[in-house]
There are 2 protein chains.
Amino acid sequence: MRNNTIGSLIWLRLMRFTNQSNQMSNEFLKRFDLTTAQFDVLIQIRTYQPLTQMELAEKVTVTQGGISRMLTRLEKEGYIVRKQDWKTKTISLTEKAEAIMEQVMPEQLAFQTSFFDDVLSEEEQKTLYALMSRVHKHSEKKEIPPE
Amino acid sequence: MRNNTIGSLIWLRLMRFTNQSNQMSNEFLKRFDLTTAQFDVLIQIRTYQPLTQMELAEKVTVTQGGISRMLTRLEKEGYIVRKQDWKTKTISLTEKAEAIMEQVMPEQLAFQTSFFDDVLSEEEQKTLYALMSRVHKHSEKKEIPPE
DNA sequence: CACCATCACTTGACTAGTCAAGTTAAAAAT
DNA sequence: ATTTTTAACTTGACTAGTCAAGTGATGGTG
């Protein structure tokens with residue numbers, strides 16, 4: 001058996017690229033005292049607030065435990081508030097986070113966009129998006145092969 | 001300013017997909033008592049052994065510190081050996097790891113490949129690979145915009 | 001030959017996440 | 001009205017990684 005398929009080459013590229021661009025995004029966001037993961041969570045809260053931890057966890061595809069820890073950090077930094085509301089905790093942004101996001105969002109958008117705008121035409125980007133959408137959607141309903 | 005560009009949509013898909021498929025890969029590799037990160041490192045060692053930690057770190061795009069920790073774990077599990085050799089540490093696989101890799105490699109290759117083979121034609125996969133290669137290569141020489 | 005720089009690696013303090021067991025408060029059942 | 005169940009969240013023990021300060025052996029220079 002040969003030890004490479006197109007699929008496995010794509011997989012590797014994808015992993016290395018996301019890893020790399022994630023680090024660069026962290027470096028970029030450092031000027032706002034944010035990490036990529038934090039930005040991602042704050043964006044979701046801003047869009048859907050008020051919401052519960054369960055809902056948020058699902059949106060950012062992290063476990064319950066992961067979101068709990070992340071929110072503890074964000075709360076300590078004064079970006080969000082959680083209030084016990086019935087048996088659920090309702091999350092919303094503070095003024096501080098609201099203000100920061102207003103400033104960061106357009107910059108981060110431009111930063112992300114530049115990874116693609118710099119090297120691909122509009123048409124190519126559409127193709128890439130379409131292909132990745134199909135791959136992603138398929139992966140969501142994929143099952144792990146049995147032992 | 002609108003809050004989405006094609007680029008940012010691609011970015012999100014890429015992040016979510018790699019995150020998702022990484023978790024699935026971890027689940028898959030559990031039967032061999034390996035994680036995706038460990039498999040990735042072992043593959044590189046197998047291909048280039050004997051090599052130094054610096055070289056390895058670069059191949060898997062992790063920092064010096066990261067590779068040091070990873071190798072400590074792999075050594076504890078008996079997968080690799082490090083021997084002080086001049087002022088460098090030379091890494092190589094143990095028999096145990098060699099045997100496991102022989103078994104895991106084709107399965108993991110098939111697993112990775114299935115993410116794409118299931119939904120894209122050969123032609124589409126080539127297109128996706130070409131586009132991602134360009135994006136990835138560009139990102140490697142990209143600079144973080146100044147403050 | 002002693003001293004200092006340098007290179008390869010390690011380590012302490014973090015972020016970010018996983019899983020599984022442990023809380024806690026409201027709902028349902030007896 | 002007390003007990004049990006359940007849903008939402010937390011936490012302990014890990015993996016995986018970052019950065020920056022700390023080792024330790026090698027090798028050049030005064």
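Being a predicted model, the structure only gives us computed values, none of them experimental. Numbered from 1 within each chain, the chains take letters A, B, ... in sequence-line order.
Considering A:K30, A:Q20, A:Q108, A:Q112 as possible partners of A:S25, the one that fulfils the side-chain hydrogen bond (donor to acceptor under 3.5 Å, both in side chains) test is A:Q108.
Residues A:E27 and A:M54 each lie close to DNA chain D; by heavy-atom proximity, the contact nearer the 5' end of the strand is made by A:M54.
Taking a pair as Watson-Crick or G-U with both hydrogen-bonding distances under 3.5 Å, the stems of three or more pairs touching DNA chain D are C:1-30 with D:1-30.
In terms of the side chain to side chain donor-acceptor pair (under 3.5 Å) criterion, B:R73 has no residue partners (sequence neighbours excluded). Annotation: side chain to side chain donor-acceptor pair (under 3.5 Å) contacts of B:D33 (sequence neighbours excluded): none.
For DNA chain D, no neighbouring residue in residues 11-25 of chain B is found when judged by any heavy atom under 4.0 Å.
The pair A:K141-B:D118 does not meet the salt-bridge criterion, since no charged nitrogen lies less than 4.0 angstrom from a carboxylate oxygen.
A:N26 and A:T36 are linked by a side-chain donor-acceptor pair at a separation below 3.5 angstrom, with hydrogens and angles left out of the test.
The shortest distance between side-chain heavy atoms of B:Y79 and B:V41 does not fall below 4.5 Å.
Shown here is B:E140, whose CD atom has more than 12 heavy atoms of other residues, nucleotides or ligands within 6.0 Å.
D:dT18 atom C1' lies 9 Å from atom NZ of A:K30, rounded to whole Å. For A:L74 and D:dC9, the CG to P distance is 15 Å, given to the nearest whole Å.
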Please assess B:Q44 against B:D40 for the test side-chain contact (heavy atoms from CB on, under 4.5 Å), listing each intermediate value before the final yes or no.
CA-CA 7 Å; B:Q44 298 303 323; B:D40 196 15; 4.0 Å; yes
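Under the side chain to side chain donor-acceptor pair (under 3.5 Å) criterion, the residue pairs touching residues 56-67 of chain A are A:T61-B:N19, with sequence neighbours excluded.
Proximity of A:T52 to the phosphate of D:dA8: no side-chain N or O atom is located under 4.0 Å from OP1 or OP2.
B:F28 and B:F111 have parallel rings, their planes meeting at less than 30° on a 0 to 90° scale where 60° marks the start of perpendicular.
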Scoring nucleotides 10-16 of chain C by protein non-hydrogen atoms under 4.0 Å (B base, S sugar-phosphate only, - none) yields BBBB-SB
